[in-house]
Every structure is written in C-alpha cells, then in structure tokens.
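One structure is given here, and the rest of the page talks about it.
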Protein chains: 2
Amino acid sequence: MYRIGELATLFDVKTDTLRFYEKHGLLTSSTRSEAGYRLYSQDDAQKLRFIIRAKAVGFSLNDIAELLSIELDKANWACADVKGLVDTKLEQVQAKIAELEFFASSLNKLSQACCGGPDSAEHCSILEALESTDKELSPKVEHHLHAEKQG
Amino acid sequence: MYRIGELATLFDVKTDTLRFYEKHGLLTSSTRSEAGYRLYSQDDAQKLRFIIRAKAVGFSLNDIAELLSIELDKANWACADVKGLVDTKLEQVQAKIAELEFFASSLNKLSQACCGGPDSAEHCSILEALESTDKELSPKVEHHLHAEKQG
DNA sequence: ATAAACCTTGGAGTTAAATCCAAGGTCAAG
DNA sequence: CTTGACCTTGGATTTAACTCCAAGGTTTAT
Ligand SMILES: [Zn+2]
Ligand SMILES: [Zn+2]
Ligand SMILES: [Zn+2]
Ligand SMILES: [Zn+2]
C-alpha cells in the first residue's frame, strides 16, 4: 500500500492531483489508515497508470471517466463502444490540428512578408496585412522597401 | 458612428464581446452619446477588424493587445519586433500541433488495433494497451480473436 | 403613453485541470 | 517532547475568452 505522497512520487504527479482525481470520481484509494490517510493498492496504482496513459493520448478527464467505467465493466460493453470513443477523440484532435495548421500557414505567410529588420515598423507588411480591409489576409510576398539610410 | 449593437452586427460578434474587449483595453469607443451609449467611429471599426484578423491567425487577446500597442506607435518599433511576435506565436502553434499529432498518431494506432465489432470488450486491444504496464503504449496490430459464436 | 428594442453597469458563471492555501492532525527521529 | 515531514479538509485561485444576468435608463414606433 502506498500513501498519497508515495504514489504521487511514483507516477510523478502532485498529491493535489490525486485528491483532485478522487474528487472527480476517477481514482479513489481503496483504503484509509486509522488516522484517515489514503492508502492506495496495486490495483489503484494500475488504475492511475491507465489514467495517465489515457491522458497521454489526448483524452480529457471526462473521457477517461467514461473509459474507466467501461474498463471496470468490460463484459457489458462492445469493442465498438471503445473504438467509438477513440475515433471520436481522433476526429476532435484532427479538427484542432486543422485549425492550428491554418494558423501556422497564416503566420508563416506573415512572417515571410516581413523583412524583420531594425527599421521602423511604419511600413511593416505584417501590420499592413492585419490592417487591410481586404477580405483575405494577404500580405505582399515582397518585402517592403525601407528608405535607404543616408542615400 | 455605430452604436454597439450595430458594430457587433457588422462584424458578427456579440455586444458583450465588445464590452469585454473594452474592459480589457483592446477597443474603447471613441465617444459616448449624451445618454452614455458607446459610439464607435470608422477608426474604431478598423481597430476591431485588426483584432478579429489577428484572432483569425491564432493570436490571443494578450498578444493582440501587444500588437495594437505597436500598431498605434509604429514609428517607435522595428519590423524585427513585429516579426518576433509572429515567429514566437508560430513556434507555439507548431509545438501544439506536434503534441496533437502525437495524440492523433497514438489514437490512430489504438483504433487500428481494435476490431470495432459488437462483441464484448473483455479482450479489447485498446483497453489492453491502456492497461499495459509496458513503458510504451503499443497495441498489437492484429485484432484479437473474439470467440466464435456457436462454433 | 406604452411596448419593443436598445443601451447602461457591476458582477457572476462557464470550462478544464489543476494548484495553492490555511488550520490542524499524525508519525518517526533524536 | 519537540521538530519536521507528512497527511487531512474545505475552499479559493488560476487561465482564456467570453457569456449571461438583473435592474434600470433611452429611443422609437404605434
Ligand atoms: Zn521591414
Ligand atoms: Zn515588417
Ligand atoms: Zn474486438
Ligand atoms: Zn476492441
């Protein structure tokens, strides 16, 4: 049996996190000591491993609660149910990636359009693109020309 | 001049959002009517366009506050400063994408390993992978065999 | 003159996943 | 018998970007 601090150290999480998981129904220690200390069994540790793994592939704690409820009543769930959760999450993740890819490509275009030099931003292509009343965000690809210093 | 509802409609945001931007120093109407109504000028509208565009490429409102403070004092900032903000944000976005790509690939492996059928999840490869004590999350690529029904 | 649609303010609630705090109980070492 | 490390609880705070609410003032149309 592990006390909360031991289990936390073992899995490199904070004790607060374990108490938080308990409060949210994800992981409750199977026993308490006489003094009221949480005592975690090997099974509890296994469950924590499950939680941490599921987090590592992108599941939210809510998702994990669902997975855990399946996990401890496997016989009454089908592969289809489990795969459904995974596929749904995969779609969410892919949607988020698509959004971020769009950000990245936009930012990249902006970056390319700016000379990045030490001169005044008065004609900065990035700011111009953000100011523009065009419907599309379209920075000129050529760098602006900063006035030559001292001809 | 636009009243808050008009400007909101024009840019397809909520009035609450405009008040929120004001509270956070992003966009304050340049005038008020006698009755205290916010009145937005064309310049204010232009500033809102800037904010919305910057959001659309992934900047947070904090980032945008910084961009706006540069925007209205361009002469005292260099292209390097602006490009720096863009490049920093681009790195953050790329880091997030990398994390999500890892999630997606993990989820994809899990999904592939599960038959997705209507039979009991007792031997589901997804659950097994999450339970596993292996350091790596590695579902078997072959689907488990569910017992044949009725031989 | 009254109803509908609009505006004002301050403040509370939402979501996610912790993280931190205070006041106090427990336990082992010296 | 006292320090220090550990544990308990309930509740507050954090971050981001809104979103909603209540109570009341304003405008406009009928
Ligand atoms: Zn430049
Ligand atoms: Zn520039
Ligand atoms: Zn199966
Ligand atoms: Zn399966």
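Note that the structure is predicted; figures quoted are calculated from it, not measured. Because only heavy atoms are used, hydrogens play no part in the values below, and waters and symmetry mates are left out as well, while side chains stay in. In what follows, every chain begins at residue 1, and chains take the letters A, B, ... in the order their sequences are listed.
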- request: Could you check Glu34(B) against Lys55(B) and say which one's nearest nucleotide on DNA chain D is further toward the 5' end?
  value: Lys55(B)

message: Tell me the closest heavy-atom pair linking Leu26(A) and Lys47(A), and the distance in Å.
response: O-CE, 3.5 Å

field: In one Ile/Leu/Val/Met/Phe/Trp/Tyr side-chain cluster, 4.5 Å: Ile52(A), Leu68(A)
entry: yes

- request: Report whether Tyr2(B) and Tyr37(B) are members of the same hydrophobic cluster (ILVMFWY, side-chain heavy atoms less than 4.5 Å apart, transitive linking).
  value: no

message: Applying a 4.0 Å non-hydrogen cut-off, can you work out what Ser60(A) is touching in the nucleic acid: base, sugar-phosphate, or nothing?
response: sugar-phosphate

query: Charged N to carboxylate O below 4.0 Å: is that the case for Asp16(B) and Arg19(B)?
result: yes

task: Could you check how far NE2 of His24(A) sits from P of dG10(D), rounded to whole Å?
output: 14 Å

message: Of the listed nucleotides (dT8(C), dC6(C), dG11(C)), which one gets closest to any side-chain atom of Arg38(B)?
response: dT8(C)

message: Using whole Å, what does the distance between atom P of nucleotide dA16(D) and atom CG of Asp63(B) come to?
response: 10 Å

field: Lys23(B) NZ to dT9(C) C1', straight-line distance once rounded to whole Å
entry: 10 Å

Distance-minimising heavy-atom pair for Arg53(B) and Thr133(A): NH2-C, 3.9 Å

message: Taking Leu18(B) as the starting point, is it possible to reach Leu39(B) by hopping between hydrophobic residues whose side chains are less than 4.5 Å apart?
response: no

field: Of Phe59(B) and Arg3(B), the one whose closest DNA chain D nucleotide lies more 5'
entry: Phe59(B)

field: Asn62(A) CG to dT14(C) P, straight-line distance once rounded to whole Å
entry: 15 Å

task: Round to a whole Å and report the spacing from CD of Glu22(A) to P of dA18(C).
output: 15 Å

Identify the pairs formed between an N or O of the protein and an N or O of nucleotides 20-25 of chain C at a distance under 3.5 Å, and give each distance.
residue, atom, partner, partner atom, Å
dG25(C), N2, Tyr37(A), OH, 2.9

message: Can you identify which nucleotide, out of dA17(D), dA16(C), dT9(C), has its nearest atom closest to the Phe20(B) side chain?
response: dA17(D)

query: Expressed in angstrom and rounded to an integer, what is the separation of Glu66(B) atom CD from dA16(D) atom P?
result: 13 Å

- prompt: In terms of side-chain heavy atoms of Leu61(B), which of dC6(D), dT9(C), dC18(D) is nearest?
  reply: dC18(D)

field: hydrophobic_cluster_shared for Leu48(A) and Met1(A), side chain cutoff 4.5 Å
entry: no

